[in-house]
Amino acid sequence: MSDIVELSNYINGEWRQAICEHWIEDYAPATGALIARIPCSSREDVDAAVTAAQDASHGWASLSILERADWLDKIADSLEIRAEEVAQLESLDTGKPISLARSVDAARSVANFRFFAEQGREFQAETFEMSDATNKVLYKPVGVAGLITPWNLPLYLLSWKVAPALLMGNTVVAKPSEMTPMTASLLAEVMEEVGLPIGVFNLVHGNGLDSGAPLTSHPDVDLVSFTGGTETGRQVAKSASSGFKKLSLELGGKNATIIRADVDLENMMSSIVRASFLNQGQVCLCGSRILIHETIYDSFVEAFLEAVTDMTVGDPSDEETELGALISEEHRDKVLSYIDLAEEEGGDILCGGGAPIGIPSAFENGYWVSPTVIDGLAPDSRCATEEIFGPVVTLHPYSDDEEAIEIANMTDYGLAGSIWTADAEAGSLMAEKIDSGMIWVNCWLHRDLRVPFGGVKNSGVGREGGRWSLGFFSEAINICIKH
Ligand code: NAD
């Protein structure tokens, strides 16, 4: 019992329990053990957080962008000192391998604050000259920002929103996923440690219906940035629309990985496997449909299966582990139900399909699925077009570039994709014809934080990243001065 942590909301610079005194339990995915209780916040808690954010708005907005950039650096410094703690908490809370939590989650969370601090220092508002007038553009804060994040990259995605929101002069109410609350609380501790003015950053824990929905519909929340599933995004869009809030939706994906006949498999295979299974396939950008030129189909499948079955699945705290557990029992069951569906749809399970064999007894109650590769499915089957968000990949042959593009565009999603080829020019031309927000050629998740990030179709609305984040988290105002 003593190892179970009780987390609090952070509102107006105070640590508070939910007014209703109800709790949500948080489990470690690798073992199924109860590790924390978080406040099951409701409308009253959200109201208090929004009021605190509103009260802090004027003071925060009156700082210059350079002063706010300095605050971001202070936050980054303090977070960096606690990077190992972030990695340990993230690995425990999500079930992901510690090596990944260190190299991606902890490192990127610090990098997000530093990156946006730098963006603030380089920021130049435009002027547009006319023959008889000058147009000045001002970037004003929007107001109170409601930030809602998912469980797969908890602090990484939260910091991606908090940093630009603060930089542009907004105050924040953050609502992280109830399944991974640990590092959001750590971030609130960091805000307190660095002495960020009270009410500028507020944290409300809780589930989607009781605390997420009151935040997105709150009349005094001016902007909503949401990352999560497409169906939830639809509800968020509805609830935010009546108040005409600024809205950014980063939603689900079903991304294609296209392997052209000229691919250098020997050098590219480890990256293709990483694109398929990083974080147990629980990255919105993972390539979960691999389209392979028919002339190399058999040789690709053989090499791919060898690489996939070679991966070390198990104890997330072991440095050698490459794949950990899935986030929850419910999510594990959803992933397994798609594997059953694949068999009904005529697919062959080439590897995986269930819990890893021989998992140590300490992990028997965790939520495990070994990396699963399926072929023989039609490219328009449900398993090949719906988001599974787990370690499951389907394989499909194609005959020429046009057919690969047609299959890639065969889903309602349009988030990301990758193309693997010795002919970078041909890959780039193919990329232009794919309906997705981001396409990588001969790489994957190779991120320059200055570029636009976001999806088309059911994968979202709006763009974040670099100047797109600065634009979204501000109101551009034109002042036209006649000479
Ligand atoms: P989810 O939609 O279930 O939950 C996301 C967040 O929304 C959580 O904090 C949840 O509590 C909250 N929420 C739930 N219902 C709500 C409501 N009615 N109103 C307001 N908030 C509500 O998503 P998830 O299962 O946590 O995350 C997985 C999904 O996120 C996948 O679909 C994945 O593709 C997507 N995702 C997208 C990106 C991207 O950048 N496009 C990045 C990561 C994850």
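Position 1 is the first residue of the sequence, and the numbers go up from there. Every number for a ligand or one of its atoms is a count from 1 in the order of the listing. Quantities reported herein were computed from a predicted structural model and do not represent experimental measurements.
Two rings, from F123 and Y139, have their centers less than 6.0 Å apart. Here the two rings, on W160 and F473, have centers that are 6.0 Å apart or farther.
The shortest separation from a heavy atom of G455 to ligand 1 is not under 4.0 Å, leaving the residue out of contact. Taking a 4.0 Å cut-off on heavy atoms, L157 registers as neighbouring ligand 1. For the pair G460 and ligand 1, no heavy-atom separation below 4.0 Å is found.
Taking only nitrogen or oxygen atoms, main chain and side chain alike, N207 does not reach within less than 3.5 Å of ligand 1. Annotation: E387 places an N or O atom under 3.5 Å from an N or O atom of ligand 1; distance criterion only. For the pair T149 and ligand 1, the shortest N or O to N or O distance falls below 3.5 Å.
Around atom 43 (C) of ligand 1, the closest heavy atom drawn from I148, T232, N152 belongs to N152. Counting heavy atoms only, Q235 comes closest to atom 18 (N) of ligand 1 of the residues K334, R234, Q235, E464. Across the listed options N279, V283, L251, L215, L251 owns the non-hydrogen atom lying nearest to atom 41 (N) of ligand 1.
The protein non-hydrogen atom at the shortest distance from atom 19 (N) of ligand 1 is A213 N, 3.5 Å. The protein heavy atom nearest to atom 35 (C) of ligand 1 is G228 O, 3.2 Å. Nearest protein heavy-atom neighbour of atom 22 (C) of ligand 1: G208 CA, 3.4 Å. Of the protein's heavy atoms, F226 CE1, 3.2 Å lies nearest to atom 7 (O) of ligand 1. Nearest protein heavy-atom neighbour of atom 40 (O) of ligand 1: F453 CE2, 3.3 Å. In terms of protein heavy-atom proximity, atom 42 (C) of ligand 1 is nearest to C284 SG, 3.0 Å.
Near E178, with a cut-off below 4.0 Å to any heavy atom, the atoms of ligand 1 are 10 (C), 11 (O).
When distances from atom 15 (N) of ligand 1 to the protein are checked, a heavy atom turns up under 4.0 Å.
If you look at L153 next to ligand 1, there are no close heavy atoms at all, none under 4.0 Å. The proximity of S239 to ligand 1, defined as any non-hydrogen pair under 4.0 Å, does not occur for either the backbone or the side chain.
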